[in-house]
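What follows is a set of notes on a single structure, which appears directly below.
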Amino acid sequence: MAQLMIGEDTLTAKFTFAFKNKADKEFNEIDAKGNRPGGFNQIYQGILQFDLDALRAFWMCGLAHISKQPNRADIETALEKRIEEDGDVEPLFQEAFREIDESGFFKKAVKTFWENLELFESVASEEEKEQAKAGIEMMKSARIELLGNKQIELEKSNKSIEMQQDI
């Protein structure tokens, strides 16, 4: 459970339409091709790249379900305090990523993200293939790092599925 202490309150990030709506409204930037991929995708990809702005966006959207939402400055102060306490920013990224990755609300969006990433390599032009492959490998490596021990469980699960399909 992703939680952040803001003031005297421990607040929990939730994945609801409030998260999605805020993400789409405030964090859905135009990509290099002029498309708007969706705020969720921007945040998810940013967390994979250890982008502090994406971490802040995760918390702003994750707390959108609260009637009296904390402001940007309060969230930043709380994140800075956690970074000081943890002595590192990585635990915050791992917590945020795991919550999204395991969320029932965004389960299909996460699956589609990874499927589209694999598809991108297959449709890339010859000039783009090496760059696409390197980008995909970077994202996969970041996912492994962010999932930590959870990745081992995921690999075992995938192997079980593959073995069952071979039978």
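- With a 4.5 Å cut-off on side-chain heavy atoms, Q94 and E99 do not count as touching.
- By the 4.5 Å heavy-atom criterion applied to side chains, K20 and F15 are not counted as neighbours.
- Distance alone, capped at 3.5 Å, places no donor-acceptor pair between the D86 side chain and the P91 backbone.
- A distance of 11.5 Å separates CD1 of I47 from CG of D53, quoted to the nearest 0.5 Å.
- Taking the ring centroids of Y44 and F97, they lie under the 6.0 Å cut-off.
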Practice problem: Output, in order, the C-alpha distance, side-chain angles, deciding distance and verdict of side-chain contact (heavy atoms from CB on, under 4.5 Å) for L79 and L4. | Solution: CA-CA 8 Å; L79 289 171; L4 192 62; 4.0 Å; yes
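- A donor-acceptor distance shorter than 3.5 angstrom exists from the side chain of N71 to the backbone of A73, with no hydrogens or angles considered.
- Between I100 and V110, the closest side-chain pair of non-hydrogen atoms falls below 4.5 Å.
- Minimum heavy-atom separation, D24 to G39: OD1-N, 2.9 Å.
- Of the charged side-chain nitrogens involved, none lies within less than 4.0 Å of a carboxylate oxygen, so that D101 and R98 do not count as a salt-bridged pair.
- To the nearest 0.5 Å, atom CG of residue L117 and atom CD of residue E137 are 9.5 Å apart.
- Rounding to the nearest 0.5 angstrom, the gap separating the OG atom in S141 from the CG atom in L48 is 10.5 Å.
- Cluster annotation: W114 and F93 are assigned to the same hydrophobic cluster (Ile/Leu/Val/Met/Phe/Trp/Tyr, side-chain heavy-atom contacts under 4.5 Å, transitive).
- The stretch residues 62-73 participates, sequence neighbours left out, in no salt bridge (Lys or Arg N to Asp or Glu O under 4.0 Å) pair at all.
- M5 and I75 fall into different hydrophobic clusters, defined by Ile, Leu, Val, Met, Phe, Trp and Tyr side-chain heavy atoms under 4.5 Å apart, directly or through other members.
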Practice problem: Could you give me the CA-CA distance, side-chain angles and deciding distance for F113 and F40, then say whether ring pair (Phe, Tyr, Trp, His ring centres under 6.0 Å) is met? | Solution: CA-CA 10 Å; F113 175 87; F40 167 76; 8.0 Å; no
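- Using modelled atom types and a 3.5 Å distance limit, the side chains of T10 and Q3 yield no donor-acceptor pair.
- The side-chain heavy atoms of W59 and L11, taken from C-beta on, include no pair separated by under 4.5 Å.
- Between E145 and E90 the shortest side-chain heavy-atom distance falls below 4.5 Å.
- Between the side chain of D51 and the main chain of G46, no donor-acceptor pair closer than 3.5 Å is present.
- The two residues A18 and A64 make their nearest non-hydrogen contact at O-CB, 3.6 Å.
- With values rounded to the nearest 0.5 angstrom, K107 atom NZ is found 10.0 Å from E102 atom CD.
- Taking the charged nitrogens against the carboxylate oxygens, E95 and R82 do have a contact shorter than 4.0 Å, which makes a salt bridge.
- Remark: L55 CG to I43 CD1 distance equals 10.5 Å, nearest 0.5 Å.
- The shortest side-chain heavy-atom distance between Q69 and L63 does not fall under the 4.5 Å cut-off.
- Expressed to the nearest 0.5 Å, how far CD of E80 lies from CD of E85 amounts to 12.0 Å.
- Looking only at side-chain heavy atoms (C-beta outward), M139 and Q45 come within less than 4.5 Å of each other.
- For F105 and F17, the ring centers are positioned less than 6.0 Å apart.
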